A.B. asks: 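This is the structure, below, for whatever I ask next.
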Amino acid sequence: MSQPNTAPNILFKIYQVLLNHFGSQNWWPGENEIEIMVGAILTQNTNWQNVEKGIKNLKEATNLDPIIINKLPLKKLAKIIKPTGFYNLKAKRLKEFIKFFLKEYQGKVETMEKEDEKILREKLLKVKGIGKETADSILLYALNKPVFVIDNYTKRIFTRHKLFFGKSYEEWQEYFIKNLPKDPKIYNEYHALLVKLAKTYCLKNPLCDYCPLKFLFQWQSK
Ligand code: SF4
């Protein structure tokens, strides 16, 4: 007899427990879609406080107007976003993205939103410097598309509990999408909660005794 698939139940249970414990995370911080997209690019390999400083500088210099950002010399842009670290590289990535945004969607979020999510994802992944996690963060958090974001925190938590061992990014993504209601609001909150969990309890040296997910050990030993 085949084993019942417990993944949908346990995935949703984890979500509820985390939401109950931490409350809503209100992600992604940002006043508008462009700010969220810029934040998704600048957050690579740095902490959020540094990203906020970089975005503040960029707002002051450009009001986050894609046309103005596009016209900025690369060196000047790098100087503006310096607090975010790897600023020369990030300035190039941001420029590439802004060029794409202007060329494909005339710098209009409404036009971008209308694009089919699969096509848009493929296009985003062709932009130099935009990887899967960044593309999916843009799709989910800026454009409200039902795309689950996978990161190392998620993998750490779920492999520690032997709940899933995906080989590829897509396998991980499918695991969540298949077993949760297809709702961007849930995907949004779930990912944010997993990040919170990884930063508070599921650290490199995990604090399992205090963690809201410690019930999983009992559940798994049944
Ligand atoms: S801290 Fe421990 S109980 Fe909590 S998610 Fe990590 S491995 Fe699980």
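It should be emphasised that the depicted structure is a prediction, and the values quoted were computed from it without experimental measurement. Ligands are counted one by one from 1 in listed order, and the atoms in each one are counted from 1 as well. Numbering starts at 1 and runs along the sequence shown.
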A.B. asks: Give a yes or no on whether a salt bridge exists between Lys118 and Glu122, defined as a side-chain N under 4.0 angstrom from a carboxylate O.
C.D. replies: no
A.B. asks: No waters, cut-off 2.8 Å: how many protein N, O or S atoms are close to atom 4 (Fe) of ligand 1?
C.D. replies: 1
A.B. asks: Just by distance, do the side chain of Lys214 and the backbone of Cys208 share a donor-acceptor pair under 3.5 Å?
C.D. replies: no
A.B. asks: Is Lys196 reaching over with its side chain to a backbone N or O of Gln25, donor-acceptor style, under 3.5 angstrom?
C.D. replies: no
A.B. asks: Among all protein heavy atoms in this structure, tell me which lies nearest to atom 7 (S) of ligand 1, with the distance rounded to 0.1 Å.
C.D. replies: His161 NE2, 3.5 Å
A.B. asks: Classify the angle between the aromatic ring planes of Trp172 and Tyr175 as parallel (below 30°), tilted (30 to 60°) or perpendicular (above 60°).
C.D. replies: perpendicular
A.B. asks: Test your reading of the model: is there a side-chain donor-acceptor pair from Lys90 to the backbone of Lys82, 3.5 Å cut-off?
C.D. replies: no
A.B. asks: Can you name the nearest heavy-atom pair linking Trp219 to Leu163, along with the distance?
C.D. replies: CZ3-CD2, 3.9 Å
A.B. asks: Which heavy atom of Leu193 sits nearest to which heavy atom of Leu18, and what is that distance?
C.D. replies: CD2-O, 3.7 Å
A.B. asks: Closer than 4.0 Å to some heavy atom of Phe217 - which atoms of ligand 1 meet that?
C.D. replies: 3 (S)
